Each structure stands twice: as structure tokens, then as C-alpha cells.
Amino acid sequence: MELVKCDGLIKNYGLKKALSGVTFSLPAGKITGLLGPNGSGKTTLIKILGGLLTADGGTVAIGGNSPGVETKKIVSYLPERTYFSSAVKVKETLDFFEAFYEDFELERAEEMLKSLQISDKSKISELSKGNREKLQLVLVMSRRAKLYLLDEPMGGVDPAARDFILRTILKNYAEDASVVISTHLIQDVEKVLDDVIFLKEGNICLKQSVDELREKEKKSVDALFREVFQC
Amino acid sequence: MLGKLFLYDMKNQLRIWRFAYIGILGFSLLTALIRCLDFKKGVLGEIWGAVYGVSKGFFYAAGAVMIFATLFYAVLYFRNNLLKDQGYLMHTLPVKESELFLSKFLSSWCCILLSILVFAAGIVITRFGTGDLFSIIYTENGVAKRISLSMLFFGEGYETPRLLFLVIFFAIPVNLSLFLFSLTLGYTMKQSKRRMNRDVLSVLVYIGTYAGQQFLGVISLILGALLYFRHYGTKSFMEQILSEQGPTAQLPMDYFITVAVGIDGILIIGLAVAAVFWSIYRLKKYLNLE
């Protein structure tokens, strides 16, 4: 069953075309890598799915609904930037998610924070950049969502943290849920991906399952990416 | 959900104002103490009187700054919380855009009211020991008489409560809605060619809405004049002119002012309500967190 369906999505920033007629669908229960170089339209596409950007053309449906209150109930979105005010405490962020998301599991979040040795009494301003990103990931992955949109979850963190992030994603998403990971750090995520979408200058140039791709092309996703996007 | 959002916004905004409130109330207490300890005569009395004057002046200035700063912070909070990085959290919540906007609007309004209340409480405290605690708040000899605006529109004897009513239920919500609208439009406006800074764009929108308010003021004056002078040139007026008695049914000038101000008020309330609805529509249809 299709969880996400995009048809002819267009988005322009001034004269620059970010997406030019993107069409694809995503089934439930798969981890999809949204791959492409910087400026290829990955973040724009994820923001449209998350309801943060309005497309200039085309249609989007998540669980049969256009982006809005109903889709936001089932979508858990991790942006590439930190979105909490530095004045709040970790405990307040947990309370916030618990208050607004019915599918948020507080105990799960507390457990993960404990394993990361992040105290819920700490202020956001006291956390390192890496720990702030981990906190956001913990909150996002503690929801029992149908679709997880993770925009550059490993951008700017060290390799050890990347492993933690991947483990957290794999350990916490429900089997019937889909995960979309936007990244250009392909080597790190390749092993967990079911499908890949290659975005190039606002267009999809490849959408395939990772197993098929390896069988057909006889190379890794990372190697193929380097070939497709070589400068 | 609106209730939850409102509490969240109140908590966030009061996070900084609680210290200002404690400071203002503490300072008013200090001013009252200086007044109570006044040495009645001699050089020491004069110095003490000057200290009291400075303290009182500083208290009033601090109170006024706090009220305007609350308004400024409310606008800044709206921008940061809905249109900048924190918007990534707020706009992915399963709530309607109208709830997001209204919670910011109502919480900001309440914070400004709270600042006014704290300032008023401070004024009352400074008057301890005078035997005249509340007169400055509610009598015609109080604050209102010192504000020329009230005298311009309503003449001498206009009481403070009515002025406060106008400020609280008209001036604050109207200006707040126009500020928030300017930001919303500035941040959601589509830019096809040259891309301008969104804050600059918001300021330009505000200048536009301010000009719109002035335009409505002119319309109100014209409508007020039309109503005031409606007798002139009529058959009955001409008959009065032609009779030796001259015109007798003229309306007082106050009537003209009241009608013009009334029309202006209604038009500006209409503009503010339209601004709120348009802002919500823009957030819903044209949100662009770039």
C-alpha cells in the first residue's frame, strides 16, 4: 500500500527551480534514502512532505491526505537544524512532545536520553551541538509515527554519533512505518536502506530498491552515486 | 489544543518578563519607602526630595519601557517561534494554523496586559503613605488627564478607566494584529525575481498597513464631515437661512469629532480583523520556511 504519493511536484525559489515535476510513491514499511548532492532538492521535498513548504504545483498525499493536521499526526519530522529555544530544559521538550503528540512514548524517550547521559534537568543551551541533535532525534524517534522524515540526520556529527543515530533509527521505527532519510553520507546509511531515490537538479534520476540496484549494476549505492553525480 | 498552545506561549514569554515584574514591583516599593522616610525640612529634606523625584521618575520610565518592550518582544517571539527555526517545531505540530496564530496573539495580548497591570500595581505601591492610593488610576485627575490624546478626543474630565479600556481592547489588539500580519505577509510573500530580506519586507508591509490606517482616518473625516454638514444646503437649512432667525438646528462640533473617531475606530477594527484572517490564510496556504 502506498503511504506517500507525489505527482508532478514543482517548487521554485525566485528564479531558481528547486523541484521540477517530481513524481514518486513510497510504500509502507520501507526505509528510503533520498540521495543527491547539495542543492538537488532533498530538503525542499522533505519540507513539502512535512507541511513546512507549499508546492508551487503538483499534488502530495500522505496516507491519502494532503499535508495538514491529519498528516502531521502520522508524520514525525527531523529537520536539519535545531528548533528548540536555548532557554528551555530537556524535561520541557519531553513534556511538550507528550502534550502535543498522542503517539509519543515518554518512557522510551527517557530511556534513550539516559543511555546518552543527557540529564532532563539540563538546559538546551548547556548541551553540545551533537547532543542537541541527538535529543531531537530521540524525540522524533520516540513517536509511533507512520512516516519518519529525517533530513540530514547525520550531518555534522562524528562517526561514533552516526552509528548511534543509525541504531536509534533502526531500533525505534515500527515495522509498518516508513522512513525517508535525506543525506549525502551514503556509505553510512547504505546498509540500512531498502530503496533509494536519486535527486538531481530537482528531478528524480533514479528510484530503485537497493537489492535490485546492487544486482543490476554490480556496485554499491555509494559507488553508483559517485558515478552519477561526478563533477 | 489552543489551550495547550496558549499555556506554552505564555510560559515562554513570561520566562523573561517575570524578572522585569519583580524588578518593577521591587523598585516601586523602594520609591514608596523613600517617600515614607522623607525628611520634611532642611538641606537633607531637599536632597531626600530630589532622591525621591529621581526614583519616581526612573520608576515611571522603567514601567513605560517595560510595556513597550513587552509589545516588541511579543512581535519578536511571533517571528522566531513561527517564521524562523522554531517554526520547524511549531508547524509540524498536529494543530491548525489558526490555533498557532491565535495562541501567539492571545498570549502576547495577555502579557502586555500583565505588564500594564504590574505597572499599575507599582504605581499604587509608590503611593503608600499618601492616603491616596488609587486616585491616580481611576479619577479624572489621574493619568488620563495628563495624556493629551484623551483630552483631544474626549475633552477635560475624561476618566482613566475609559482610556485604559480603549488601550486594552482597541489600541493593543489592533496594533498587535497589524504587526503580526506584517510579519506573516513579509515571510510568506512570494518573490519571483529579486529576493529581499524577509524582515525588510515585513517592515515595508507594516508601512503599507500604517498608510492604510491613515487612509481610513481620512475617509472617516470625510464621512464625519458629510454627516455633520448634511443639513447644509437642504431645503430646511435654506429656509432657516432665508428667515431672519438664521439656522438653529446646527450640531455641536463634538458631534463631528465623535462621528469621525467612531467611523475610524470601526474601520480600523475591520482592518485588524481582516489582518488576522488574512494572516491565518497566508500561514495555511503559503507557508515557506526556507
Side-chain angles (χ1 to χ4, degrees), chain A residues 11-16 18 43-44 46-56 65-89 92-93 95-104 123-124 132 135-136 139-140 143 145 147-149 151, chain B residues 1-19 73 76-100 103 187-198 201 280-290:
Chain A
K11 180 70 192 174
N12 302 319
Y13 295 119
L15 293 175
K16 189 181 178 296
T43 297
T44 300
I46 281 200
K47 280 185 187 175
I48 291 173
L49 294 175
L52 292 166
L53 274 181
T54 316
D56 295 329
N65 296 305
S66 299
V69 176
E70 288 310 310
T71 64
K72 286 170 188 175
K73 281 181 188 169
I74 59 166
V75 173
S76 194
Y77 168 73
L78 178 77
E80 58 182 335
R81 55 187 83 190
T82 49
Y83 51 39
F84 284 116
S85 156
S86 53
V88 301
K89 287 182 178 169
E92 289 174 89
T93 66
D95 293 341
F96 182 86
F97 265 65
E98 199 187 16
F100 286 99
Y101 295 110
E102 285 175 11
D103 57 4
F104 181 70
K123 270 190 173 182
I124 299 290
R132 283 185 209 186
L135 168 68
Q136 280 188 188
L139 291 166
V140 164
R143 285 185 58 197
L147 174 66
Y148 296 89
L149 300 172
D151 192 4
Chain B
M1 282 293 187
L2 182 61
K4 282 182 188 174
L5 284 170
F6 176 78
L7 288 176
Y8 170 77
D9 289 327
M10 278 300 281
K11 197 175 165 188
N12 273 343
Q13 293 195 62
L14 289 179
R15 208 184 290 275
I16 66 158
W17 294 119
R18 58 191 171 171
F19 298 113
Y73 182 74
L76 198 67
Y77 177 74
F78 178 87
R79 170 186 173 273
N80 291 347
N81 203 252
L82 280 192
L83 305 167
K84 303 294 274 186
D85 283 2
Q86 288 171 33
Y88 284 79
L89 175 66
M90 301 311 290
H91 288 292
T92 44
L93 292 176
V95 296
K96 293 176 189 163
E97 272 72 15
S98 55
E99 291 176 315
L100 286 175
S103 77
Y187 271 82
T188 56
M189 199 179 272
K190 196 170 173 169
Q191 301 188 76
S192 53
K193 287 176 188 165
R194 266 181 53 198
R195 301 186 75 197
M196 196 187 275
N197 179 293
R198 295 282 178 185
L201 209 52
I280 294 167
Y281 175 76
R282 295 289 310 182
L283 285 176
K284 199 172 174 183
K285 296 283 179 191
Y286 300 100
L287 179 69
N288 274 304
L289 283 186
E290 290 171 7

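Not measured: the values here are computed from a predicted model. Sequence lines set the chain letters: A, B, ... in the order given, protein chains first and strands last, and positions in each chain run from 1.
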Original post:
Hey, are B:Asn81 and B:Gln86 close enough side-chain-wise for a donor-acceptor pair under 3.5 Å?
Top reply: yes
**OP:** Establish, from distance only, whether the side-chain atoms of A:Lys47 and B:Tyr88 form a donor-acceptor pair under 3.5 Å.
**Re:** yes
Proximity breakdown for [X] and chain B, heavy-atom pairs closer than 4.5 Å:
{"X": "A:Asp56", "result": "side chain"}
{"X": "A:Glu70", "result": "neither"}
{"X": "A:Lys16", "result": "neither"}
{"X": "A:Thr82", "result": "backbone"}

Original post:
Under a 4.5 Å cut-off applied to non-hydrogen side-chain atoms, are B:Lys284 and B:Lys96 in contact?
Top reply: no
Original post:
Which pair of heavy atoms, one from A:Tyr13 and one from A:Ala18, lies closest together, and at what distance?
Top reply: CE1-CB, 3.5 Å
**OP:** Provide the closest heavy-atom pair for A:Tyr101 versus B:Leu89 in the form atom of the first, atom of the second, distance.
**Re:** OH-O, 4.5 Å
Original post:
Can you tell which of A:Ala99, A:Gly68, A:Ser76 has the highest number of heavy-atom pairs within less than 4.5 Å of chain B?
Top reply: A:Ala99
**OP:** Report the option among A:Tyr77, A:Phe97, A:Tyr83 that has the most heavy-atom pairs separated by less than 4.5 Å from atoms of chain B.
**Re:** A:Tyr83
Subject >> Interface residue of largest heavy-atom contact number with chain A, from B:Asn12, B:Leu93, B:Thr188, under 4.5 Å >> reply: B:Leu93
Original post:
For the side chain of B:Asn288 and the backbone of B:Tyr286, is there at least one donor-acceptor N/O pair under 3.5 Å apart?
Top reply: yes
Original post:
Between the side chain of B:Arg79 and the main-chain N/O of B:Lys84, is any donor-acceptor distance below 3.5 Å?
Top reply: no
**OP:** Go through the atoms of B:Leu5 and report whether side chain, backbone, both or neither lie under 4.5 Å from a heavy atom of chain A.
**Re:** both
Original post:
Under a 4.5 Å heavy-atom cut-off, does chain A meet the side chain of B:Lys285, its backbone, both or neither?
Top reply: backbone
